[in-house]
Protein chains: 2
Amino acid sequence: MMEAIAPSTETTIDPVRVFRLLGDETRLRAAVLMHRHGELCVCELTDAIGVSQPKMSRHLGHLRDVGLVATRRSGQWVHYALRPDLPAWLGDALAALTGEPPFADDSTRLRSAMARHRDQCEQ
Amino acid sequence: MMEAIAPSTETTIDPVRVFRLLGDETRLRAAVLMHRHGELCVCELTDAIGVSQPKMSRHLGHLRDVGLVATRRSGQWVHYALRPDLPAWLGDALAALTGEPPFADDSTRLRSAMARHRDQCEQ
DNA sequence: TCAGTATATATGGATATACGCATACATGCC
DNA sequence: GGCATGTATGCGTATATCCATATATACTGA
C-alpha cells in the first residue's frame with residue numbers, strides 16, 4: 001500500500017498502519033488522552049496510564065515514527081500531541097472513545113498527574 | 001480490558017481488539033467491502049481482494065471470533081456481513097475509507113466478481 | 001455412494017511485536 | 001565538571017501473528 005506524507009489538509013497515513021498502531025492498549029490510551037487534553041508530557045502520560053517510563057517512551061516513539069504525533073522539547077521535558085491534520089474519521093473515533101473505560105479513568109488520573117507536574121513540566 | 005457482548009443497540013467490543021483486527025490489510029479491506037456492499041460470500045471477497053481462499057477464510061474467522069461479522073451458510077456458500085450493531089465510529093471510519101485506495105479498486109473488482117458468481121453463490 | 005466444489009482448519013515455519021531491565025542521551029543546577 | 005532528573009534506545013527474551021501448503025469438513029448432484 002502506498003504511503004505518502006502530503007503537506008495538505010489531512011495527513012495521508014496508511015490506514016492499516018493507523019489501525020495497527022492503535023491496536024495496542026498503551027498507544028490507544030495515549031492517543032485518546034492526547035485527543036482530549038491536547039499536548040501532554042511523557043511524564044503525565046506515563047503516570048496517567050500507569051506504565052513504566054521506557055514502555056511509554058517506546059510506544060510514543062512508534063506514534064512519532066509513523067507521523068501521528070508531533071513533539072516539542074522544553075528543557076528536560078518532551079511533550080507529545082496528535083497532529084492536527086489527521087484524518088477526520090480518526091479524530092471522530094478517538095472522540096467517541098473518550099467517555100468509555102478505561103479512557104475516562106485515564107482522563108481523571110491525568111488531571112491528578114497534571115496537578116502534580118504543574119510546576120515541573122510546565123505547559 | 002473488560003470485554004462483554006451486550007445485546008443492546010451497539011455491540012461492545014474492546015476497541016483495542018477492533019483496531020488490532022483491522023490493522024491487517026486483508027481484514028480491513030474485507031471490512032470496507034462488507035460495509036459498502038453488505039453481505040458478501042467468501043468467494044467474492046477472495047476474488048475481489050485477490051488472496052488465497054485459506055487466507056481469506058482465516059481472516060474472516062478472526063472477524064467472526066471477535067463478533068465483528070455474522071455468517072450465513074447457503075448450501076456450499078458462506079456469506080459474511082458486518083454486524084449492524086457495531087459502534088458508530090467504526091462504521092464512519094469504514095465509510096470514510098471507501099473511496100480511497102486500495103478500497104475503491106477492491107470495490108470495482110468486487111462488482112466483476114459478483115457478476116461472475118451471480119448464478120453460483122446466489123444472494 | 002462418489003466425485004466435485006466451497007470453506008474451514010491443521011501444521012510447520014518465518015517474522016513481527018511487546019516487554020523488563022539496563023543504559024545512553026539530553027537538559028539543568030550547583 | 002559532577003550530579004540529578006527526564007527521556008530515548010539497546011538487548012535479550014517471550015509471545016503473537018501471519019503465511020503457504022495440505023487436508024478436513026460441509027454441501028450438492030448424478
Side-chain angles (χ1 to χ4, degrees), chain A residues 1 14 16-31 34 39-66 69-81 113-114 116-123, chain B residues 1 14 16-31 34 39-66 69-81 113-114 116-123:
Chain A
M1 289 180 77
D14 178 12
V16 174
R17 200 100 183 261
V18 174
F19 274 102
R20 177 168 300 217
L21 263 179
L22 299 181
D24 173 81
E25 183 174 348
T26 302
R27 293 200 289 271
L28 182 59
R29 289 164 75 177
M34 285 188 277
E39 190 184 63
L40 297 171
C41 150
V42 178
C43 57
E44 289 169 328
L45 287 166
T46 301
D47 283 359
I49 296 179
V51 295
S52 67
Q53 178 274 315
K55 183 173 175 175
M56 178 55 69
S57 188
R58 176 78 68 181
H59 282 301
L60 292 175
H62 286 304
L63 297 176
R64 185 184 62 237
D65 293 344
V66 172
V69 295
T71 65
R72 173 179 69 92
R73 180 175 274 273
S74 174
Q76 296 180 58
W77 293 275
V78 179
H79 301 87
Y80 282 72
M114 287 170 92
R116 282 200 302 280
H117 294 259
R118 173 112 305 147
D119 7 317
Q120 300 164 22
C121 60
E122 78 237 19
Q123 298 296 315
Chain B
M1 284 179 78
D14 178 12
V16 174
R17 199 98 182 260
V18 174
F19 274 104
R20 178 167 300 218
L21 262 179
L22 299 182
D24 172 82
E25 184 174 348
T26 302
R27 293 201 288 272
L28 182 60
R29 288 165 75 178
M34 286 187 278
E39 191 185 59
L40 297 171
C41 149
V42 177
C43 58
E44 290 170 325
L45 287 166
T46 301
D47 284 359
I49 297 180
V51 295
S52 68
Q53 178 275 316
K55 183 174 176 175
M56 177 55 69
S57 189
R58 175 75 66 183
H59 283 300
L60 292 175
H62 285 303
L63 297 176
R64 184 183 61 238
D65 292 344
V66 172
V69 295
T71 65
R72 172 178 71 91
R73 179 177 275 273
S74 173
Q76 295 182 57
W77 292 274
V78 180
H79 299 86
Y80 281 73
M114 287 168 93
R116 281 199 304 279
H117 293 261
R118 172 111 306 147
D119 7 316
Q120 299 164 23
C121 60
E122 78 236 22
Q123 298 297 315

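Numbered from 1 within each chain, the chains take letters A, B, ... in sequence-line order. Note that the structure is a prediction, hence the values are computed from the model and not measured.
Counting heavy atoms from C-beta on, the side chains of L40(B) and H79(B) never come closer than 4.5 Å. Residues V18(B) and D14(B) fail the side-chain proximity criterion, which asks for heavy atoms closer than 4.5 Å.
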> When every nucleotide of nucleotides 25-30 of chain C is labelled 5' to 3' by its protein contacts under 4.0 Å (heavy atoms), B for base, S for sugar-phosphate only, - for none, what sequence of letters results?
Replying inline: -SBS--
> W77(A) and V42(A): side-chain contact (heavy atoms from CB on, under 4.5 Å), yes or no, with the steps?
Replying inline: CA-CA 7 Å; W77(A) 293 275; V42(A) 178; over 6 Å; no
> Yes or no on side-chain contact (heavy atoms from CB on, under 4.5 Å) for M34(A) and E39(A), after CA distance, side-chain angles and deciding distance?
Replying inline: CA-CA 6 Å; M34(A) 285 188 277; E39(A) 190 184 63; over 6 Å; no
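Taking every heavy atom of both residues into account, L22(A) and A31(A) meet most closely at CD2-CB, 3.9 Å.
Side-chain proximity of Y80(B) to dA8(C), dA18(C), dT7(C): nearest is dA8(C).
In this structure, R20(A) CZ and E25(B) CD are separated by 9.5 Å, a value rounded to the nearest 0.5 Å. For the atom pair CG of L28(B) and CZ of F19(B), the computed distance is 11.0 Å after rounding to the nearest 0.5 Å.
The separation between R20(B) atom CZ and dA16(C) atom P is 16 Å, rounded to whole Å. Atoms CG (D24(B)) and P (dA16(C)) sit 14 Å apart, rounded to a whole Å. Whole-Å rounding puts the H62(B) NE2 to dT9(C) P distance at 11 Å. Separating the NE2 atom of H59(A) from the C1' atom of dA18(C) is a distance of 6 Å, rounded to the nearest angstrom. Atoms CZ (R58(B)) and P (dG12(C)) sit 14 Å apart, rounded to a whole Å. Counting to the nearest Å, the P atom of dT17(C) and the CG atom of L22(A) are 14 Å from each other.
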Only pairs under 3.5 Å count here: list side-chain donor-acceptor contacts from residues 47-66 of chain A, not counting sequence neighbours, and write none if there are none.
residue	atom	partner	partner atom	Å
D47(A)	OD2	H117(A)	NE2	2.6
S52(A)	OG	K55(A)	N	3.3
H59(A)	ND1	R27(A)	NH1	3.0
R64(A)	NH1	Y80(A)	OH	2.6

>> Output the pairing pattern of DNA chain C as a dot-bracket string, 5' first, Watson-Crick or G-U wobble with both distances under 3.5 Å, | for cross-strand pairs, [ ] for crossing pairs.
In response: ||||||||||||||||||||||||||||||
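Take the nearest nucleotide of DNA chain C for G23(A) and for C43(B): the residue whose nucleotide is more 5' is C43(B).
Counting 5' to 3', DNA chain D first comes under 4.0 angstrom of a heavy atom of chain A and last does so at the ends given by dT5(D) to dC11(D).
Annotation: proximity of residues 46-55 of chain A to DNA chain D (heavy atom, distance under 4.0 Å) is found for Q53(A), P54(A), numbered in ascending order.
Proximity of S57(B) to the phosphate of dA8(C): a side-chain N or O atom is located under 4.0 Å from OP1 or OP2.
Taking only distance into account, the side chain of R64(B) never meets the base of dA8(C) through a donor-acceptor pair shorter than 3.5 Å.
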